[in-house]
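What follows is a short report on a single structure.
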Amino acid sequence: MEVEVAFRLNGRDTRVRVRPDALLVDILRDHLGLTGTKLGCGTGECGACTVLLNGRPVNSCLVLGVRVNGQEVTTIEGLSDGDRLHPVQRAFLQHGAVQCGYCTPGMIMSAVALLSKNPRPSDGEIRQAIAGNLCRCTGYVKISTAIRAAGEELANLPQETGGRGSAGQGERS
Ligand code: FES
Ligand code: FES
């Protein structure tokens with residue numbers, strides 16, 4: 001048996017037929033070909049699968065696909081404006097915050113969520129925002145520097161929200 005899930009994905013109306021128990025991460029990667037969202041632990045521990053659900057970061061490995069029916073989902077593929085990278089993506093490159101890159105999409109989605117509400121976060125606020133995103137490579141210093149730099153750029157731009165409302169299932173604290 002399959003069910004239809006209809007939602008806004010990266011600003012576009014999207015419909016997909018999936019098993020009722022399909023997880024959002026699998027729908028994105030396997031049904032829709034958006035492999036920028038990574039699957040790591042599959043148990044809500046690593047944050048590699050982080051996407052925005054109504055503007056809030058969630059672990060998409062913990063969210064049932066049917067949960068996003070009628071909701072708004074943003075993935076790493078939805079951040080750039082054509083060929084122009086999002087300021088957070090640019091900052092990660094400029095500040096050397098990417099090594100193997102496996103954590104990077106999830107890390108960037110968490111950073112985008114933080115900066116959309118608070119473009120000039122303290123070091124503690126940055127640490128808290130990415131506490132659910134594990135990186136085995138960088139040691140986090142360059143990631144924090146990149147987030148701070150992107151925030152400075154975004155502070156001078158109109159606010160981007162990436163969505164509204166509450167997320168619930170899979171939402172990160
Ligand atoms: Fe690790 Fe989802 S894959 S939290
Ligand atoms: Fe390799 Fe973060 S860059 S896990």
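Indexing begins at 1, ligand by ligand and atom by atom, following the structure's order. Any value given below was found using the heavy atoms of this structure, including those in side chains, with hydrogens, waters and symmetry copies removed. Just so it is clear, the structure is predicted and the values come from calculations on it, not from any experiment.
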**Q.** Heavy-atom neighbours of K142 NZ exceed 12 at 6.0 Å
**A.** no

Q. Could you state the interatomic distance from CG (L39) to OG (S60), rounded to the nearest 0.5 Å?
A. 8.0 Å

Q | Enumerated ligand 1 atoms positioned under 4.0 Å from heavy atoms of L39 | A | 3 (S)

Q. Is any NZ, NE, NH1 or NH2 atom of the basic residue among E152 and R120 found under 4.0 Å from an Asp or Glu carboxylate oxygen of the other?
A. yes

Q: Specify the closest pair of heavy atoms between C49 and C61, including all atoms of both residues, with the distance to one decimal.
A: SG-N, 3.4 Å

Q: Please determine if atom 1 (Fe) of ligand 2 has an N/O/S atom from C100 lying under 2.8 Å away.
A: yes

Q: Give the atoms of ligand 1, by number and element, whose distance to some non-hydrogen atom of C41 is under 4.0 Å.
A: 1 (Fe), 3 (S), 4 (S)

(Q) Could you report the tightest heavy-atom contact between C137 and C100, atom names first, then the distance? (A) SG-SG, 3.7 Å

Q: Mark up the atoms of ligand 2 that fall under 4.0 Å of a heavy atom belonging to G101, in ascending order.
A: 1 (Fe), 3 (S)

Q: Would you mind running through ligand 2 and noting each atom that sits below 4.0 Å from a heavy atom of C103?
A: 2 (Fe), 3 (S), 4 (S)

Q: Mark up the atoms of ligand 1 that fall under 4.0 Å of a heavy atom belonging to G44, in ascending order.
A: 4 (S)

Q) atom 4 (S) of ligand 2: which protein heavy atom is closest, and how many Å away? A) R136 N, 3.3 Å

Q) Could you state the interatomic distance from NZ (K38) to OG1 (T50), rounded to the nearest 0.5 Å? A) 13.0 Å

Q | Atoms in ligand 1 flagged as close to G40, the criterion being non-hydrogen separation under 4.0 Å | A | 3 (S)

**Q.** Minimal non-hydrogen separation, N133 against A129, with atom names
**A.** OD1-O, 4.1 Å

Q) Once rounded to 10 degrees, what value does the angle at atom 2 (Fe) of ligand 1 take between SG (C49) and SG (C61)? A) 100°

**Q.** Within 6.0 Å of CZ in R12, more than 12 heavy atoms from elsewhere
**A.** no

(Q) Within ligand 1, which atoms have a heavy atom of G42 less than 4.0 Å away? (A) 1 (Fe), 3 (S)

Q) Do you know which two heavy atoms are closest between T37 and I76, and how far apart they sit? A) N-CG2, 4.2 Å

Q. What atoms of ligand 1 come closer than 4.0 angstrom to any heavy atom of E45?
A. 4 (S)

Q. N/O/S atom of C46 under 2.8 Å from atom 2 (Fe) of ligand 1, yes or no?
A. no

Q. Measuring to atom 2 (Fe) of ligand 2, does C137 have an N/O/S atom at a distance below 2.8 Å?
A. no

